[in-house]
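Notes to accompany the following structure.
Side chains are part of it too, since the values below use all heavy atoms of this structure and drop only hydrogens, waters and symmetry mates. The first residue in the sequence is number 1, and the count goes up from there.
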Amino acid sequence: MNQGKTALVLGSTGAVGKALLKNILRNGEYAKVITVGRRPAQLDDTIPQDRLVQKTIDFENLEKFRDDFKGVNDVYCCLGTTRADAGSAEAFRKIDQGYVVQSAKIIVEENKLPSETLSPVHFLYCSSTGANKSSPFLYPQSKGQTEDGISKAGFARVSIFRPGFLMVEEPRPSARFGERFYGKYINPITRYFNLSMSVPVVDVADAMRKVAQEPYEKGTEPIVKIFTNAEIETLAKREP
């Protein structure tokens, strides 16, 4: 259970991050929910916001914002981008991998006692199907390397979610051709044949919250678990 705990959300303005933020504000039992990003998430009045604190930071100068990462229990990271949105492969890696791994390291350092070998923080990361640090392709390689960096950062518990094609809840500011094509032509076929290749962002959010609620025993080694697209769908269907 999350009663009395503090949650931190990275990437709360993206498709998964916003769905997650709304989910934990509606259903979570956190005493406080903090968002950290370049701009605050826009929420309507139907979402309870009395426990919400939104902090604006500069990811290019994370060291200056260490205090904003202190005193947290569960960290939900949905920060990411695409090469097209970033503008170049270098910019993509900086955002998709650099910002995430650097933030993770700061969170470990700011939420660990000198006597502890591992930070008690539970880090939950939204990755992608096919993530592989050895892949020759930019996107899955970056996701795989990010997973590796998080897993080795020093958290007692890391949960990695690998959703397939994301079915968005709200239209993106700039529609992506791949999403339009998949949503119109491919997704109906995969759903008809019961193939687990896509998932609504609301289901990813629900699965992440439910995993955060599960109890665990801290050990001397990090507990790292990966959830596939099919497992995400199963978790979303499970009763709270």
What pair of heavy atoms forms the shortest contact from Thr81 to Ala86, and how long is it?
OG1-N, 3.9 Å
Heavy-atom side-chain proximity of Val75 to Phe155 below 4.5 angstrom:
no
Option passing side chain to side chain contact (heavy atoms under 4.5 Å, CB included) with Asp68 (candidates Leu8, Ile57, Val53):
Ile57
Closest contact, heavy atoms only, Lys143 versus Ser128:
CG-CB, 4.2 Å
Heavy atoms, side chains only, cut-off 4.5 Å: are Val121 and Lys112 in contact?
no
Name each donor-acceptor pair under 3.5 Å that joins a side chain in residues 216-223 to protein atoms two or more places apart or in another chain, with its distance.
from   : atom 1 : to     : atom 2 : distance (Å)
Tyr216 : OH     : Pro120 : O      : 3.2
Lys218 : NZ     : Glu116 : OE2    : 3.3
Lys218 : NZ     : Leu118 : O      : 3.1

Joint cluster assignment, Tyr76 & Leu166, ILVMFWY side-chain distance < 4.5 Å
yes
Just so I know, are the side chains of Pro48 and Arg26 near enough to count as touching, which here means a heavy-atom distance under 4.5 Å?
yes
Return the set of residues passing salt bridge (charged side-chain N to carboxylate O under 4.0 Å, His left out) with Arg93 (not counting sequence neighbours), or none when no residue passes.
none
Not counting sequence neighbours, which residues clear salt bridge (charged side-chain N to carboxylate O under 4.0 Å, His left out) with Lys105? List them please.
none
Are Tyr99 and Phe123 joined in one hydrophobic group, where the rule is that I, L, V, M, F, W and Y side chains link up if heavy atoms are under 4.5 Å apart?
yes
Between CZ on residue Phe59 and NZ on residue Lys94, distance to nearest 0.5 Å:
13.0 Å
Contacts satisfying salt bridge (charged side-chain N to carboxylate O under 4.0 Å, His left out) that involve residues 117-135 (not counting sequence neighbours) are Lys133-Asp148
Rounded to the nearest 0.5 Å, the CD1 atom of Ile150 sits from the CD atom of Gln97 at a distance of 9.5 Å
Could you measure the distance from the OG1 atom of Thr82 to the CZ atom of Phe92? Nearest 0.5 Å is fine.
7.5 Å
For the atom pair CE (Met208) and CG (Leu20), what is the distance rounded to the nearest 0.5 Å?
5.5 Å
Could you list the residues that satisfy ring-ring contact (aromatic ring centres under 6.0 Å, His included) with Phe69, not counting sequence neighbours?
none
Taking all non-hydrogen atoms of both residues into account, name the closest pair between Met167 and Ser198 and its distance.
SD-OG, 3.8 Å
Can you name the salt bridge (charged side-chain N to carboxylate O under 4.0 Å, His left out) partners of Glu90, sequence neighbours left out?
none
Is there a side-chain contact between Lys32 and Val72 in this structure, where contact means two heavy atoms from C-beta onward sitting under 4.5 Å apart?
no
Is there a path from Ile107 to Val36 through hydrophobic residues (I, L, V, M, F, W, Y) whose side chains come within less than 4.5 Å of each other?
yes
Keeping the roles fixed (side chain from Asp96, backbone from Gly80), state whether a donor-acceptor pair exists under 3.5 Å.
no
Within residues 103-122 or reaching into it, pairs that qualify as ring pair (Phe, Tyr, Trp, His ring centres under 6.0 Å) - sequence neighbours excluded:
none
So for atom CG, which belongs to Asp50, do other residues, nucleotides or ligands contribute more than 12 heavy atoms lying within a distance under 6.0 Å?
yes
Sequence-distant partners of Ser134, side chain to side chain contact (heavy atoms under 4.5 Å, CB included), two or more places apart
Asn132
Once side chain to side chain contact (heavy atoms under 4.5 Å, CB included) is applied, do any residues pair with Arg39, and if so which ones, sequence neighbours excluded?
Thr13
Could you go through the side chain to side chain contact (heavy atoms under 4.5 Å, CB included) check for Leu21 and Leu52 one step at a time?
CA-CA 9 Å; Leu21 179 61; Leu52 177 63; 4.0 Å; yes
Within the distance-only criterion (no hydrogens, no angle test), does the side chain of Gln141 pair as donor or acceptor with the backbone N or O of Pro136 below 3.5 angstrom?
no
Single-linkage hydrophobic cluster, 4.5 Å side-chain cutoff, Leu62 and Val9 together
no
What's the separation between atom CG in Leu79 and atom OG in Ser12, rounded to the nearest 0.5 Å?
9.5 Å
Do side-chain atoms of Ser151 reach the backbone of Glu147 as a donor and acceptor pair under 3.5 angstrom?
yes
Compare all side-chain heavy atoms of Thr146 with those of Val101 and state whether any distance is below 4.5 angstrom.
yes
Just by distance, do the side chain of Asn229 and the backbone of Gly164 share a donor-acceptor pair under 3.5 Å?
yes
Validation row: Tyr30, Thr6 side chains within 4.5 angstrom (heavy atoms):
no
Atom pair CG/CG of Leu43 and Leu25 - distance to nearest 0.5 Å:
6.5 Å
Is Lys64 close to Asp58 at the side-chain level, that is, under 4.5 Å between some pair of heavy atoms?
no
Tell me which donor-acceptor pairs under 3.5 Å the side chains of residues 200-207 have, and how far apart each pair is, sequence neighbours excluded?
from   : atom 1 : to     : atom 2 : distance (Å)
Asp206 : OD1    : Asn23  : ND2    : 3.1
Asp206 : OD1    : Arg209 : NH2    : 2.8
Asp206 : OD2    : Lys210 : NZ     : 2.9

Donor-acceptor pair, side chain of Thr234 and main chain of Ala230, under 3.5 angstrom:
yes
Please identify each residue that fulfils side-chain hydrogen bond (donor to acceptor under 3.5 Å, both in side chains) with Thr35, with sequence neighbours left out.
Gln54
With side chain to side chain contact (heavy atoms under 4.5 Å, CB included) as the test, would you mind laying out the steps for Arg157 and Val211 before giving the verdict?
CA-CA 11 Å; Arg157 186 183 182 193; Val211 169; 3.9 Å; yes
Please list, chain by chain and in numerical order, all residues satisfying salt bridge (charged side-chain N to carboxylate O under 4.0 Å, His left out) with Lys70, sequence neighbours excluded.
Asp67, Glu110
Same cluster or not: Val108 versus Ile160, using hydrophobic residues (I, L, V, M, F, W, Y) connected whenever any side-chain heavy atoms lie under 4.5 Å apart?
yes
Specify the closest pair of heavy atoms between Ser127 and Pro163, including all atoms of both residues, with the distance to one decimal.
O-CD, 3.6 Å
Under a 4.0 Å N-O cut-off, is there an ion pair linking Glu231 with Lys225?
no
For Leu235 and Phe227, work out which heavy atoms get closest and say how close.
CD1-CD2, 3.7 Å
Are Glu109 and Arg66 side-chain neighbours, meaning at least one heavy-atom pair lies under 4.5 Å?
yes
